[in-house]
Each structure stands twice: as C-alpha cells, then as structure tokens.
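Worksheet for the structure shown next.
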Amino acid sequence: MHQFLPYAWFGGKCVPFAEATISVATHALHYGTGAFGGMRALPNPADPHEILLFRADRHARRLSQSAKLLLTELGEETILSAITTFLRTNKPNCPVYLRPFVYTSDLGIAPRLHNIETDFLIYGLELGDYLSPEGVSCRISSWCRQEDRSLPLRGKISGAYITSSLAKTEAVKSGFDEALLLNSRGKVSEASGMNLFMVRDGVLITPGVDQDILEGITRASVLELAKAMGIPTLERPVDKTELFIADEVFLSGTAAKVTPVRRIETTDLATKRPIMDAIRERLTAITEGRDPAYDHWVTRVRLQD
Ligand SMILES: Cc1ncc(COP(=O)(O)O)c(C=O)c1O
C-alpha cells in the first residue's frame with residue numbers, strides 16, 4: 001500500500017487526502033482525457049527544512065504544454081505556486097513523488113475537449129527506487145508505442161498509458177522487469193515509463209524526438225550533462241539488434257532515475273558501464289543539491305523561515 005502525503009491539492013486548495021475525491025461520472029476517468037506530471041521532491045540531506053525539486057521549471061512547462069494539447073489552460077506559474085503550497089502544507093520528511101494532474105472534471109458522456117470543465121490536482125506519495133538500481137531485465141514488447149498522428153505524444157496524456165500498462169504487465173508476467181517498445185516503424189522508442197540510452201564505441205546514443213518518445217526531462221538532462229562531461233552524444237533511430245551488442249544500455253526517467261539494463265530477452269548485456277556510472281553519479285549529486293555548477297537545475301522550497 002502506498003504511503004500518501006496527508007494533503008492533496010484539490011479544487012484550488014490543500015485538503016486532507018481522503019477528502020480529495022471525484023465523481024464516478026468524471027469525464028477523464030472514462031476517456032483518459034487528462035495529463036499528468038511526475039516529479040521527485042527530496043528533503044535536502046544538508047538541511048531538513050528545505051525541499052529540493054529537480055528541474056521544476058521544465059516539469060511545469062511540460063505539464064502546461066500537455067494541458068494545451070488537451071485544449072485547456074494551465075499556466076506554469078499556477079503549477080509552481082500550487083506545488084510550493086502543497087509542499088509547505090505537507091512538509092515531507094522523506095523522498096516523495098509528486099503527481100500533478102490536469103483533467104476533464106465535467107460529468108457527462110460525450111468524448112470531447114470543447115465546452116468542458118477541467119480541474120487541476122496534486123497528490124504525493126513516498127517513493128524509493130521504482131526500478132532496481134542494480135539493473136533490470138527487459139522484454140521487447142509485442143505492443144507498439146503509439147504514433148504522434150494518433151495522439152499528442154509530446155504531452156504526458158493519461159489515456160496513452162494504456163499501452164505502457166499492457167507492455168509492463170506483459171513483460172512482468174513473462175518473467176521480465178520492464179518492457180521496451182518499438183515504434184510503428186520498427187525502431188526502438190522507449191520503455192513503459194522511461195527513455196532509453198545505449199553506448200556504442202564511446203558514443204552515447206538515444207532515439208531522437210522524432211521516434212515517438214515522450215520528451216523526458218531526465219533524458220534531456222543526461223544529454224546535456226554528457227556533452228558537458230566530454231562524452232560524444234547522438235540522437236538517431238536505434239535498431240533492436242543494436243541493443244544486443246551495445247556496450248551499455250540504460251533507462252532514464254524521474255521515477256526510474258538512471259537504471260542499467262542487465263538483460264534484453266535472452267541476451268545478457270555487459271556488466272561494466274563506465275559512461276552510465278559517471279552520468280548517474282553526477283545526476284545524483286545534482287538532485288541532492290551537491291553540485292554547485294548545476295544548482296540552477298534545482299528549485300529549493302523553504303518549509304520554514
Ligand atoms: C512514457 C514515458 N517516457 C519517458 C519518461 C521519462 O520522462 P522524465 O525523465 O521527464 O520523467 C516517462 C516518465 O515521465 C514516461 O512516462
């Protein structure tokens with residue numbers, strides 16, 4: 001059972017989590033017409049009265065853009081100010097995952113995005129490691145990542161997660177930890193809730209934004225960090241067979257952080273991952289507020305003045 005934070009942001013204010021409830025007739029529940037964010041909030045290991053948020057501005061921007069793709073307005077400032085109030089009310093004392101969610105809150109049955117009420121909520125839960133930091137086994141999913149011409153993949157649209165759910169369960173039920181999805185052109189896209197990287201001959205490679213990926217904030221950060229660390233990077237289409245012979249394969253995401261891939265289908269991958277190790281160490285230091293060069297990636301929320 002998840003340990004939820006005691007207050008949710010609901011109807012424009014913080015209310016006890018148990019009171020933040022919606023009707024069975026809520027439009028988004030039936031049609032997947034919502035969009036969410038996912039952020040980690042970490043008590044500063046050096047100062048328990050301060051909460052650290054990794055790239056909060058980017059998360060707010062993506063959520064605001066996701067709302068726009070659902071034809072509703074949700075400003076970045078509105079999101080950030082609600083998150084600040086939410087954190088000051090909850091005062092988390094362990095690492096938590098925040099789930100802001102914008103959705104069609106109307107009661108009614110016509111699938112549509114016009115003439116409809118929307119609302120915005122936030123809740124949080126304690127979250128340690130979503131995937132084992134030691135590494136995961138992956139199955140190539142029989143499900144295919146959706147195409148941008150079917151739904152707006154630049155947004156974290158809740159309805160899109162039916163494919164992630166099918167792929168994850170298929171992988172787990174067949175003895176794997178995670179699923180890798182190809183896109184409709186047969187190229188590697190991403191995992192059920194993470195982006196994918198591989199290293200070949202010293203070059204860090206990831207499928208480009210034209211490969212039906214979610215434009216991950218961790219992915220963008222890994223690419224930017226790698227460049228700053230002198231690691232050559234390439235965004236290009238990736239073939240399935242490349243994964244089996246890559247020097248390193250790893251996943252990136254807010255929940256998964258940086259997670260190595262140990263095995264794909266029946267192929268064991270290399271166990272030395274110097275490039276991933278260097279990036280993971282740097283990213284951990286940044287998220288814990290220990291890297292002054294990247295302090296601009298960290299938003300610090302004071303819980304007490
Ligand atoms: C489908 C999918 N891809 C990739 C990611 C990674 O994105 P981020 O690094 O912004 O968390 C996520 C998680 O948000 C996701 O749900």
Side-chain angles (χ1 to χ4, degrees), residues 32 34-42 53-66 69 76 79 83 95-102 122 124-125 127 129-131 136 138 141 143-148 150-171 178-184 187-198 204 206-226 235 238 249-259 261 276 279-280 282-284 286-287 297-299:
F36 55 85
M39 307 168 69
R40 280 184 181 270
L42 188 74
L53 295 169
F54 180 68
R55 308 204 78 173
D57 54 337
R58 289 293 197 101
H59 281 278
R61 195 201 308 169
R62 185 173 64 193
L63 184 57
S64 178
Q65 290 173 345
S66 298
L69 292 168
E76 293 169 44
I79 297 166
I83 286 174
V96 292
Y97 183 80
L98 308 187
R99 174 50 62 86
F101 187 52
V102 53
I122 310 171
L125 60 145
L127 188 68
D129 291 322
Y130 178 77
L131 294 178
V136 290
C138 292
S141 184
W143 297 99
C144 170
R145 172 78 178 157
Q146 302 101 328
E147 295 185 77
D148 195 70
S150 300
L151 84 169
L153 292 181
R154 261 71 183 178
K156 261 173 90 70
I157 308 297
S158 59
Y161 282 79
I162 181 69
T163 310
S164 292
S165 306
L166 287 164
K168 176 81 179 186
T169 293
E170 177 189 66
E178 194 36 67
L180 301 181
L181 288 96
L182 306 183
N183 61 25
S184 54
K187 300 293 180 185
V188 175
S189 184
E190 59 177 14
S192 71
M194 311 98 209
N195 294 111
L196 176 136
F197 284 88
M198 69 173 179
L204 181 65
T206 191
V209 293
D210 56 352
Q211 296 303 310
D212 297 322
I213 62 168
L214 178 80
E215 296 183 11
I217 292 160
T218 321
R219 173 188 177 278
S221 308
V222 166
L223 281 174
E224 208 174 318
L225 263 184
E235 294 177 68
V238 170
V249 179
F250 63 90
L251 306 175
S252 75
T254 299
K257 302 177 189 172
V258 166
T259 298
V261 176
M276 187 212 76
I279 290 171
R280 176 152 73 170
R282 195 77 195 267
L283 207 55
T284 306
I286 296 170
T287 53
W297 280 5
V298 179
T299 299

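In listed order, ligands and their atoms are each counted from 1. What's counted below: heavy atoms across the whole structure, side chains too, no hydrogens, waters or symmetry copies.
- Taking distance alone, with nitrogen or oxygen atoms compared against 3.5 Å, T218 approaches ligand 1 more closely than that limit.
- Here the side chains of M276 and T259 are not in contact, with every heavy-atom distance at 4.5 Å or above.
- For the ring-ring contact (aromatic ring centres under 6.0 Å, His included) test, residues two or more places apart in sequence or in another chain that qualify with F36 are Y161.
- Those atoms of ligand 1 with a heavy atom of G253 less than 4.0 angstrom away are 6 (C), 9 (O), 11 (O).
- Take F101 and apply the ring-ring contact (aromatic ring centres under 6.0 Å, His included) test, not counting sequence neighbours, and it matches Y103.
- Near I217, with a cut-off below 4.0 Å to any heavy atom, the atoms of ligand 1 are 8 (P), 9 (O), 10 (O).
- Here the SG atom belonging to C138 is positioned 6.0 Å from the CD atom belonging to E178, to the nearest 0.5 angstrom.
- Atom numbering of ligand 1 starts at 1 in the shown order; those under 4.0 Å from a heavy atom of S192 are 1 (C).
- Near Y161, with a cut-off below 4.0 Å to any heavy atom, the atoms of ligand 1 are 1 (C), 2 (C), 15 (C), 16 (O).
- Of the possible donor and acceptor atoms, none in the side chain of R154 sits under 3.5 Å from a partner among the backbone N and O of E215.
- With atom 12 (C) of ligand 1 as the reference point, the heavy atom nearest to it among G37, S189, G193, A256 is part of G193.
- The shortest side-chain heavy-atom distance between L251 and K257 does not fall under the 4.5 Å cut-off.
- Across every non-hydrogen atom of R219 and I213, the tightest pair is NE-CD1, 3.4 Å.
- Of all protein heavy atoms, the one lying nearest to atom 11 (O) of ligand 1 is T254 OG1, 2.6 Å.
- Ligand 1 places these atoms under 4.0 Å from at least one heavy atom of K156: 12 (C), 13 (C), 14 (O), 15 (C), 16 (O).
- Test T206, D148, N183 against Q211 for side-chain hydrogen bond (donor to acceptor under 3.5 Å, both in side chains) and you get one pass: N183.
- Considering backbone and side-chain atoms together, E190 places an N or O closer than 3.5 Å to an N or O of ligand 1.
- Only the side chain of R62 comes within contact range of ligand 1, with a heavy atom under 4.0 Å; no backbone atom does.
- Residue G216 approaches ligand 1 through these ligand atoms, each under 4.0 Å from one of its heavy atoms: 7 (O), 8 (P), 9 (O), 10 (O).
- For the pair R219 and ligand 1, the shortest N or O to N or O distance does not fall below 3.5 Å.
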